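Excluded from the calculations below are hydrogen atoms, water molecules and symmetry mates; all remaining heavy atoms, backbone and side chain alike, are included. Computed from a prediction, not measured in an experiment: that's the story for all the values here.
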Amino acid sequence: MHLRRQDGYIQARQAVPSFEEIVAQLKQSILMGRFKPGDKLPTERDLVEQFQVSRVAIREALRTLENSGFIVTRQGANGGAYVTDLSFEFLANAFVDLFLADKISIPELHRVRLIIEPEIARLAALAITPDFTQRLMKALEAEEVPTSSLPEDIKMKTAVHYILAEMCGNRFLEAIVRSSMKLTHTLIQMVNPDPSGMHPAGMHRPVVEAVLTGDPEASSIAMHKHTLEFGEILIKMEKTYREKKPTFAF
């Protein structure tokens, strides 16, 4: 707050908020539930009047919120800024961007997965229920059926990991698994390998069978073995991707 002298009196004048402060206030309104997923934020004109700033500042704030995954901008008659349903997708996209920018590597991801995934399998074995049993068996059977495309094959063979992550009951671990899986999907699609050699059918069966028996130690050991085997395949894929990655001259 700034002070100014007028007609012999000292009057308080509210400082004009920066676009960062606008972002913080709008974000707080979303997180506190004032604006819920699917709600439309006030128009640019209304936000300009509310914050007493320029349209440039409002647009910069909205752009920042969109880049952070809090809103999506739509065009047309019903266009505007709409609140999104926050999910793990933004974190997963950040993992992919860091990989593409050569800030993280598959060997680094592999070492993290060796720590996390066996623990997830161990926790899942302690949380087995009839519903999870049915879902795991269905996912296992589906991934052992030949698929017609690489994207379909990837989808089928990651379902088990998503179910186990959900079973472990830790949303932070689930977020890491979903992020690492998206990075794995991206790498596989860029290299475009033969699905049968990339992730042979049956690789998850020892893990699922151990989890279904409710044996946490056997589940952890089976997942560690699987992560080691598939990690070696991914590391080779990254090498292929880096060798073929185009370079651009400006």
Side-chain angles (χ1 to χ4, degrees), residues 1-7 9-106 108-109 112 151 162 165 170-187 189-190 238 241-242 245-250:
M1 182 176 294
H2 301 299
L3 298 179
R4 63 177 180 176
R5 183 177 297 276
Q6 181 175 341
D7 299 329
Y9 296 94
I10 297 294
Q11 294 185 338
R13 184 183 67 186
Q14 187 67 39
V16 175
S18 64
F19 88 88
E20 290 94 344
E21 292 170 319
I22 298 170
V23 169
Q25 290 187 46
L26 290 174
K27 187 183 294 186
Q28 184 178 30
S29 294
I30 293 171
L31 294 175
M32 297 299 291
R34 179 184 171 193
F35 297 111
K36 295 179 172 56
D39 286 352
K40 183 179 179 180
L41 292 184
T43 65
E44 282 188 8
R45 176 183 292 181
D46 290 339
L47 290 173
V48 165
E49 293 179 0
Q50 177 182 337
F51 290 102
Q52 293 296 296
V53 294
S54 67
R55 279 183 179 267
V56 172
I58 293 300
R59 288 173 181 170
E60 185 67 23
L62 294 177
R63 188 179 302 112
T64 300
L65 286 172
E66 185 166 26
N67 291 339
S68 301
F70 279 86
I71 65 170
V72 60
T73 302
R74 299 175 186 167
Q75 304 299 322
N78 295 318
Y82 288 82
V83 178
T84 61
D85 186 5
L86 286 175
S87 67
F88 300 129
E89 192 66 16
F90 179 71
L91 178 61
N93 289 336
F95 268 54
V96 172
D97 289 341
L98 287 169
F99 171 75
L100 295 175
D102 205 12
K103 300 294 184 181
I104 57 176
S105 67
I106 294 301
E108 290 169 318
L109 171 66
V112 171
Y162 291 147
N170 186 310
R171 287 175 294 181
F172 196 84
L173 288 176
E174 186 177 356
I176 295 175
V177 167
R178 288 187 174 275
S179 300
S180 66
M181 286 297 119
K182 178 150 188 178
L183 174 52
T184 300
H185 295 179
T186 301
L187 175 61
Q189 289 179 318
M190 287 188 296
E238 182 187 22
Y241 163 72
R242 298 294 182 196
K245 183 179 179 182
T247 57
F248 300 94
F250 293 94

>> One pair to check against side-chain contact (heavy atoms from CB on, under 4.5 Å): Ile22 and Leu47. What are the steps and the verdict?
In response: CA-CA 9 Å; Ile22 298 170; Leu47 290 173; over 6 Å; no
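- Residues Ile71 and Leu41 are in side-chain contact: their nearest non-hydrogen atoms beyond the backbone lie under 4.5 Å apart.
- For the pair Leu109/Thr184, a side-chain contact is recorded, criterion being any heavy-atom separation below 4.5 Å from C-beta on.
- Comment: Arg242 engages Glu238 in a salt bridge, judged by a side-chain N to carboxylate O separation of less than 4.0 angstrom.
- A heavy-atom distance below 4.5 Å is found between the side chains of Gln25 and Phe51.
- Considering all non-hydrogen atoms of both residues, Leu62 and Ala81 come closest at CD2-CB, 4.4 Å.
- Residues Arg74 and Tyr82 meet the side-chain proximity criterion, which asks for heavy atoms closer than 4.5 Å.
- No more than 12 heavy atoms of other residues, nucleotides or ligands sit less than 6.0 Å from atom CZ of Arg171.
- A salt bridge is defined here as a Lys NZ or Arg NE, NH1 or NH2 lying under 4.0 Å from an Asp or Glu carboxylate O, and Arg63 with Glu66 fails to meet this definition.
- Between Ile58 and Arg45, the closest side-chain pair of non-hydrogen atoms is not below 4.5 Å.
- Residues Val177 and Lys182 have side chains not in contact (no heavy-atom distance under 4.5 Å, counting atoms from C-beta outward).
- The backbone N or O of Phe70 sits less than 3.5 Å from a side-chain atom of Thr84, completing a donor-acceptor pair.
- The shortest side-chain heavy-atom distance between Ile104 and Leu183 falls under the 4.5 Å cut-off.
- You'll find the ring centres of Tyr241 and Phe99 inside the 6.0 Å limit.
- Under the 4.0 Å criterion applied to side-chain N and carboxylate O atoms, Arg34 and Asp39 are not assigned as salt-bridge partners.
- Enclosure of atom CG in Asn67 by more than 12 non-hydrogen atoms of other residues, nucleotides or ligands within 6.0 angstrom is indicated.
- Of the possible polar contacts, one joining the Glu21 side chain to the Ser18 backbone as a donor-acceptor pair under 3.5 Å is found.
- Under the 3.5 Å distance criterion, the side-chain polar atoms of Lys40 are matched with a main-chain donor or acceptor of Gly79.
- Side-chain atoms of Glu108 come within 3.5 Å of backbone atoms of Ser105 as a donor-acceptor pair (strictly under, hydrogens ignored).
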